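Side chains are part of it too, since the values below use all heavy atoms of this structure and drop only hydrogens, waters and symmetry mates. In this text, all values refer to a predicted model and were calculated from it rather than measured experimentally.
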Amino acid sequence: MITRAAVVPHPPLLVPELVSGAAAETEPVRAATLAAAGKLPGPWVAVAVDGSGPSTFVPPLSGTFLGYGVDVPVTLGGDLPPDATIPLPVLITAWLRERCGVEVSRVELVPHDLPTSDCVSFGQRLAAGAGDAGLLVLGDGSTRHGPRSPGSDDERSGPFDSAVHDLLAAADVDGLLGLDPGLARELGAQGRAAWQVLAGVPGPWRCSSAEFFAPFGVGYHVAVWERP
């Protein structure tokens with residue numbers, strides 16, 4: 001049984017070496033992410049959204065953040081040479097794993113456009129095959145919060161991520177499944193499918209903590225769900 005789940009973002013800015021000039025500004029989201037991940041029991045099963053999905057990554061596996069500017073090696077376990085082609089969500093999972101001192105059994109990547117019904121089915125299968133594990137759910141919110149955002153400013157970003165925050169804080173499975181994939185895509189909220197996979201994991205759930213950050217115009221959700 002998946003006994004606890006942590007929702008976290010996976011931007012490169014979590015790694016201090018990659019944002020040396022903005023380490024202080026990004027510290028709140030980094031600290032919240034590490035705190036949430038640190039509450040997960042091991043071994044972890046991780047799920048995230050990536051253009052390479054569907055794909056599965058298992059240890060032994062090592063990678064590096066060299067493609068993001070600095071050669072920071074990380075590993076899911078084992079001592080293999082770093083693979084420079086490892087997708088970002090897998091790198092961040094490995095980085096968190098090293099700091100939390102746990103094992104990762106696997107990282108599942110799903111495609112950006114995975115339909116809601118398929119997210120639910122994936123979450124159900126994930127739970128059935130996970131055993132006793134903690135679920136790490138990696139996904140970012142809208143990339144269109146204000147003039148500092150990577151995308152152009154979109155006034156819909158604020159209400160969208162506010163709604164996601166409220167749904168995570170309430171452990172509202174039905175509400176998460178009601179998120180519009182088309183709107184999420186327009187707002188650059190690539191975490192939508194991962195959050196809906198979480199909603200497919202059989203409950204009941206309650207949320208013990210939920211936070212939201214938007215440094216540099218990108219929304220980052222951090223939440224912890226546990227069994228009542």
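Applying the side chain to side chain donor-acceptor pair (under 3.5 Å) test to pairs two or more places apart or on separate chains, those with a residue in residues 35-50 are D50-S52. For residues 72-82, the set of pairs meeting the side chain to side chain donor-acceptor pair (under 3.5 Å) definition, not counting sequence neighbours, comprises S62-T75. Sorted by first and then second residue, the salt bridge (Lys or Arg N to Asp or Glu O under 4.0 Å) pairs involving residues 101-112 (not counting sequence neighbours) are R106-E108. Residue pairs that meet the salt bridge (Lys or Arg N to Asp or Glu O under 4.0 Å) test with at least one member in residues 205-228, sequence neighbours left out, are R4-E226, R206-E226. Every pair tested for side chain to side chain donor-acceptor pair (under 3.5 Å) that includes a residue from residues 89-98 fails, sequence neighbours excluded, so the list is empty.
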Scan the side chains in residues 183-192 for donor-acceptor partners under 3.5 Å anywhere in the protein, sequence neighbours excluded, and list what turns up.
{"unit_1": "E186", "atom_1": "OE1", "unit_2": "R156", "atom_2": "NH1", "d": "2.9"}
{"unit_1": "E186", "atom_1": "OE1", "unit_2": "R156", "atom_2": "NH2", "d": "3.2"}
{"unit_1": "Q190", "atom_1": "OE1", "unit_2": "H112", "atom_2": "NE2", "d": "3.3"}
{"unit_1": "R192", "atom_1": "NH1", "unit_2": "L114", "atom_2": "O", "d": "2.8"}
{"unit_1": "R192", "atom_1": "NH1", "unit_2": "Q196", "atom_2": "OE1", "d": "2.8"}
{"unit_1": "R192", "atom_1": "NH2", "unit_2": "H112", "atom_2": "O", "d": "3.0"}
{"unit_1": "R192", "atom_1": "NH2", "unit_2": "L114", "atom_2": "O", "d": "3.0"}

In residues 83-90, what donor-acceptor pairs under 3.5 Å come from side-chain atoms, sequence neighbours left out?
{"unit_1": "D83", "atom_1": "OD1", "unit_2": "T85", "atom_2": "N", "d": "2.8"}
{"unit_1": "D83", "atom_1": "OD1", "unit_2": "T85", "atom_2": "OG1", "d": "2.7"}
{"unit_1": "D83", "atom_1": "OD2", "unit_2": "T85", "atom_2": "OG1", "d": "3.4"}

I'd like a table of donor-acceptor pairs (distance under 3.5 Å, sequence neighbours excluded) in which one partner is a side-chain atom from residues 12-23, with atom names and distances.
none

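The ring pair (Phe, Tyr, Trp, His ring centres under 6.0 Å) test applied to H10 returns no partner, not counting sequence neighbours. Contacts of E25 classified as side-chain hydrogen bond (donor to acceptor under 3.5 Å, both in side chains), with partners at least two apart in sequence or in another chain: R148. The side-chain hydrogen bond (donor to acceptor under 3.5 Å, both in side chains) test applied to D71 returns T64, not counting sequence neighbours. Under the ring pair (Phe, Tyr, Trp, His ring centres under 6.0 Å) criterion, W195 pairs with H221, sequence neighbours left out.
Across every non-hydrogen atom of A32 and V222, the tightest pair is O-CG1, 3.5 Å. Nearest heavy atoms, A130 versus V45: CB-CG2, 4.2 Å.
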Just do the side chain to side chain contact (heavy atoms under 4.5 Å, CB included) check on F213 and T33 with the steps written out, would you? CA-CA 11 Å; F213 307 87; T33 298; over 6 Å; no
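Side-chain atoms of L80 and L61, non-hydrogen and from C-beta on, never get closer than 4.5 Å to each other.
A distance of 6.5 Å separates OG1 in T26 from CZ in F216, rounded to the nearest 0.5 Å.
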